[in-house]
Amino acid sequence: MSKLNPIPTGPEMQSYWLSNRPATLPEMPDAWSASVLATPFGDSIAPQESYSQLAVGRVESATVGHESWMRIRLYLTRDLRYLDFLFLSVNDPQDPYNFQSEWYWIDSSVSGRVEKIHGPFGTTLQVPAPRFLEDNRAVWGNRYPLMCTDRNPRGIDCDHWVIPTAGTQTDHGSWYSVRRDTGQIFRVFTFDTNNPMMLPFLGAYYLVNFASFQKGVSRESKKLLKNVKAGRAVNHPAYWNPLVTQQDVQRAFKFPIASAKCTIEDIQKVLPGFTAEASPKTPLPTWSNKLYIEGWTLGLDLIPWYTRVCYNWTGDKHSKEQAAFVGLGQGPGDGSYLKRMDTCLNTYRTDMPCFEWDAPSESWRLKCCLPPLRRVGLPYPDWLARDNAAVMGQITGNPNFGLQPDQVLSLIAAEMPGPSGELSIFWVWFLDNGVGMLFSEAKYLNSLSNLPQLIDYTLFFRNAPITDQDFSNPCNLVESKPAGGAAKAPKIPGHLTRLGPPVRKA
């Protein structure tokens, strides 16, 4: 009998999803401050050479009546440059969806001294009000922890909400994770590169993690706002940049009106434990030959998919991998916890059996086998080294990333050019003992071409006691078609082509 956890049943997952939904949507404080870590999309036409560098920021925001403002002080972790922006939004009291926004470029130093204020400049960005999630009709995703480690397997318990992207099929959106213990925002994950929620900076990047969160704003930012509203700004009508997308932001980095030098010590004051480059002695992590993973995957759906992966690398044709996604249907937006899709990989192909929960037999019933993907096999254990991955930053001992004082988390990027000129970045987070925390594929062009996009691991079991009975592939035995015609294979993202199915951490 297998020593590993079985694939959960459909009713188990459905009950978990329904029972954990909070009674009300969370709200932001009227005034708040946070430290953030921003992870970029891939970008093959970036105006900035070092487009894949991480950014650290100090964000302050407040709402009084129908007016909201946000100040964002950014630190570029490889260029070691500091930039300062202020955004203002005023809503029409009769129509909350009618607003006017402008932004200012602040010429300031890391120490806080403000030399000049440039602006105002026009933008469609809108500073979020406290009831941002409710005002935008956020949908319940599910409850699961982030930042799990082998020494802290419970991680940081979070509720996950999604705001569907307007103007598209209801199959994806922007995700907002909220800590259960504090009710504070903990992460923003944006699929669409056009920043559909028009969030200053927070919606321009692929992934934004909140490393701290406090109520209130600083006196110096209140003073800055007072000066701006008093008209103490230098007008720059020739400058135009709405700062909406990552490319807009990176163009501002490349051609700044004002910027200042900063040091890694300055960045560490905002994000404790962060370093921009790993020690030369830091090896790239590898998967173990036998690996078992559990986690949650965000993809083209409004629910996260429970994920279970078994991986057995033998170095020959007997190597195999199976990823089960409970909640994944046959097409975008078709998800339900009474549905499941697997990816079953060997060294030369991938089969994709689709299941539905069958109540009479109390089991997963095979519905169809999608056309196999030829020449798409499982990843090598050392796929990161084979893809020339690089450590873009490390965090040591920061509890807001689930770390003990002596633990080191490496933030690793592996770039892969696509067939149409787009560039994917596989962002993976690994602890120094080889335990994974997160996997994602961030693509600026054709950002929705990936089915799974972000996988948070809740269990990453190296050298697991995997046996043949932990694998199944009914498509080896039957070629099935759904009623009404042949099934169409979904678009499979690059990481499945090279890395196998979604994974999760432990």
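For this chain, numbers begin at 1 and follow the sequence in order. We use all heavy atoms of the structure for the numbers below, so side chains are in, but hydrogens, waters and symmetry mates are not.
Tested against Trp161, the residues Tyr176, Trp140, Trp175 include a single ring-ring contact (aromatic ring centres under 6.0 Å, His included) partner, Trp140.
The sulfur atoms (SG) of Cys354 and Cys368 lie 2.5 Å or more from each other.
Shown here are the side chain to side chain donor-acceptor pair (under 3.5 Å) partners of Glu356, two or more places apart in sequence or in another chain: Lys367. Residues meeting the salt bridge (charged side-chain N to carboxylate O under 4.0 Å, His left out) test with Asp406, sequence neighbours left out: Arg151. Legend: residues meeting ring-ring contact (aromatic ring centres under 6.0 Å, His included) with Trp429, ordered by chain and number and at least two apart, are absent. Among residues two or more places apart in sequence or in another chain, the side chain to side chain donor-acceptor pair (under 3.5 Å) test is passed with Asp159 by Arg180. For Asp342, the side chain to side chain donor-acceptor pair (under 3.5 Å) test picks out Gln322, Arg340, with sequence neighbours left out. For Arg131, the side chain to side chain donor-acceptor pair (under 3.5 Å) criterion is met by Glu134, not counting sequence neighbours. Scored by the ring-ring contact (aromatic ring centres under 6.0 Å, His included) test, Phe355 finds no partners at all (sequence neighbours excluded). Applying the ring-ring contact (aromatic ring centres under 6.0 Å, His included) rule to Tyr306 yields the partners Trp296; only residues at least two apart in sequence or on another chain are considered. Arg179 is linked by a salt bridge (charged side-chain N to carboxylate O under 4.0 Å, His left out) to Asp181, counting only residues two or more places apart in sequence or in another chain. The salt bridge (charged side-chain N to carboxylate O under 4.0 Å, His left out) test applied to Arg386 returns Asp382, not counting sequence neighbours. Annotation: ring-ring contact (aromatic ring centres under 6.0 Å, His included) contacts of Phe201 (sequence neighbours excluded): Tyr205.
At a threshold of 4.5 Å between non-hydrogen side-chain atoms, the residues Glu12 and Trp357 do not count as touching. Side chains of Leu125 and Val244 form a contact here, defined as non-hydrogen atoms less than 4.5 Å apart. Contact check for Asp248 versus Asn195: no side-chain heavy atoms found under the 4.5 Å cut-off. Using a 4.5 Å cut-off on side-chain heavy atoms (C-beta onward), Val188 and Phe210 make contact. For the pair Gln453 and Phe189, the minimum side-chain heavy-atom distance is below 4.5 Å. In this structure the side chain of Arg187 reaches within 4.5 angstrom of the side chain of Leu207, judged on heavy atoms. Side-chain contact between Thr149 and Gln404 is absent, with no heavy atoms from C-beta onward closer than 4.5 Å. With a 4.5 Å cut-off on side-chain heavy atoms, Asn209 and Met147 count as touching.
Ring planes of Phe461 and Tyr292: perpendicular class, angle over 60° (limits at 30 and 60°).
Between the side chain of Thr307 and the backbone N or O of Trp305, at least one donor-acceptor pair lies under 3.5 Å. A donor-acceptor pair under 3.5 Å is absent between the side-chain atoms of Thr350 and the main chain of Leu345, judged by distance alone. For Ser35 (side chain) and Ala211 (main-chain N/O), no donor-acceptor pair under 3.5 Å exists by modelled atom type.
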Exercise for the section: Go through the steps for Thr396 and Gln394 under the test side chain to side chain donor-acceptor pair (under 3.5 Å), then give the verdict. Expected result: CA-CA 7 Å; Thr396 301; Gln394 288 186 318; 5.9 Å; no
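Listed by first and then second residue, the side chain to side chain donor-acceptor pair (under 3.5 Å) pairs that reach into residues 15-28 are Asn20-Arg143, sequence neighbours excluded.
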